[in-house]
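Okay, structure first, notes after.
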Amino acid sequence: MEEVKETKKRMLSGIQPSGDLHLGNYLGAIKNWADRVNDYECYYFMADMHTITVRQEPAELRRRSLNQLAQYIACGLDPEQNVLFLQSHVPAHAQLSWVLNCYTMFGELSRMTQFKDKSEKHHDNINAGLFTYPVLMAADILLYQPDYVPVGEDQKQHVELTRDIAQRFNSIYGDVFKVPEPFISKQGARIYGLTTPGDKMSKSIPEGCVFIMDDPDTIARKFKKAVTDSDTENCVRYDRENKPGVANLMNIYSTITGKSYEEIEAEFAGMGYGKFKPAVGEAVIEQLRPIREEAERLMKDKAYLDDIYKQGAERAAYVANKTLRKVYKKVGFYQL
Ligand code: TRP
């Protein structure tokens, strides 16, 4: 039989090593990433260079860059099937970024909403890196010629700018860059804070945020304190508008167990929140237990993680350098 070799579409995304992963990250996104390798060639990197646009504690950043890799692998991201690397390990990102700076307009960068937000938040440190952040991101992306860039809503504007920069460059020099599409996943649950069910789960409200490294007692406690609703109905019923706390818990439970809302309503009929909240907590504890244990094991194995980063950087640099060489040639840098 003839062998059919299909070339998969390529996907690339960056993640800031800015803190421990939580249940919202896991159920909303990472859980689904493991399966992507069936359809795509996937590159993921920790964007440590982007992280220093706001002031960081160096030892912390170093620690998080390693721990976050361990946590992603524990969540099911296979380091053989995916290319996992650290941005600062591949010099081509900084190199292409400089070139692209010269093909990006001051006005374009001034219009970026993230820049405006961050300058307001960090008005004592509005550095040039904060301003040219989207150019580094464009370099991150364009180096790998990906078809898709999975990003959240807040990063879409940066991907749009990346497309503009790529098109501008291509219109001058020919087809150098693939013009990528943002990839907004339809899969994945939107998880809200346990104490603030109107807002997305966030590490900035730790009491309502379940971290994947939380021990079972901590998780149980957080679910016990979860906000339900202010009416006196005390009944497990899905009503996102009037009972956002209960709806959020039902969504978490449904995502983990695969049960529908009707099935959950039937399961807890006549029982009230006093039974329901601990049951959701228990489901989360069991879902996260193997992940936490694996992450703990990996976090102790620095040699293994170093090796993953080393291999990842090699695989990434191979692709990135190919694009960079082409760009250097096109813009007229003299080649030896
Ligand atoms: N800016 C992105 C964020 O804060 C992270 C990021 C950096 C990124 N480089 C990227 C995402 C390239 C996608 C592609 O979430």
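Keep in mind that what you see is a predicted model, and the values were worked out from it rather than measured. Indexing begins at 1, ligand by ligand and atom by atom, following the structure's order. Side-chain atoms are counted along with the backbone in the values below, which use heavy atoms only and exclude waters and symmetry mates.
Neither the backbone nor the side chain of V159 comes within contact range of ligand 1; no heavy atom lies under 4.0 Å. By the criterion of a heavy-atom distance under 4.0 Å, neither the backbone nor the side chain of H158 is placed next to ligand 1. At a 4.0 Å heavy-atom cut-off, ligand 1 does not touch L136 at all. With a 4.0 Å cut-off on non-hydrogen atoms, I141 touches ligand 1 through its side chain and not its backbone.
Here is the list of ligand 1 atoms found below 4.0 Å of a heavy atom in H50: 7 (C), 9 (N). When each atom of ligand 1 is checked for a heavy atom of V151 under 4.0 Å away, the hits are 13 (C). With ligand atoms numbered from 1 in the order given, ligand 1 contributes 4 (O) to contacts under 4.0 Å with heavy atoms of Q16. Each of the following atoms of ligand 1 lies closer than 4.0 Å to a heavy atom of F45: 9 (N), 10 (C), 12 (C). Every atom of ligand 1 is numbered from 1 in the order shown, and the set under 4.0 Å from a heavy atom of V149 is 13 (C), 14 (C).
The nearest protein atom to atom 9 (N) of ligand 1, hydrogens excluded, is given as D140 OD2, 2.7 Å; this is a heavy-atom distance. Considering only non-hydrogen protein atoms, atom 5 (C) of ligand 1 sits nearest to G14 O, 3.6 Å. Here the heavy atom of the protein found nearest to atom 1 (N) of ligand 1 is Y133 OH, 2.7 Å.
Between Y309 and H89, the ring-plane angle classifies as perpendicular under the 30° and 60° cut-offs. The aromatic rings of Y103 and Y173 stand perpendicular to each other, their planes meeting at an angle above 60°, with 30° marking the opposite boundary. Using the six-membered ring where Trp is involved, F268 and Y253 have ring planes that are perpendicular, over 60° apart on the 30 and 60° scheme. Classified by interplanar angle (parallel below 30°, tilted 30° to 60°, perpendicular above 60°), the ring pair W33/Y44 is parallel.
Donor-acceptor pairing under 3.5 Å is recorded for the side chains of D215 and T218. Side-chain contact annotation: D140 with Q87, donor-acceptor N/O pair under 3.5 Å present.
The ring pair (Phe, Tyr, Trp, His ring centres under 6.0 Å) test with F115 singles out one residue from F106, F131, Y133, and that residue is F131.
Across all their heavy atoms, K259 and E267 have their closest contact at NZ-OE1, 2.9 Å.
The main-chain N or O of P79 is never found under 3.5 Å from a side-chain atom of N82 such that the two would form a donor-acceptor pair.
At under 3.5 Å, a nitrogen or oxygen of Q155, whether backbone or side chain, sits near a nitrogen or oxygen of ligand 1.
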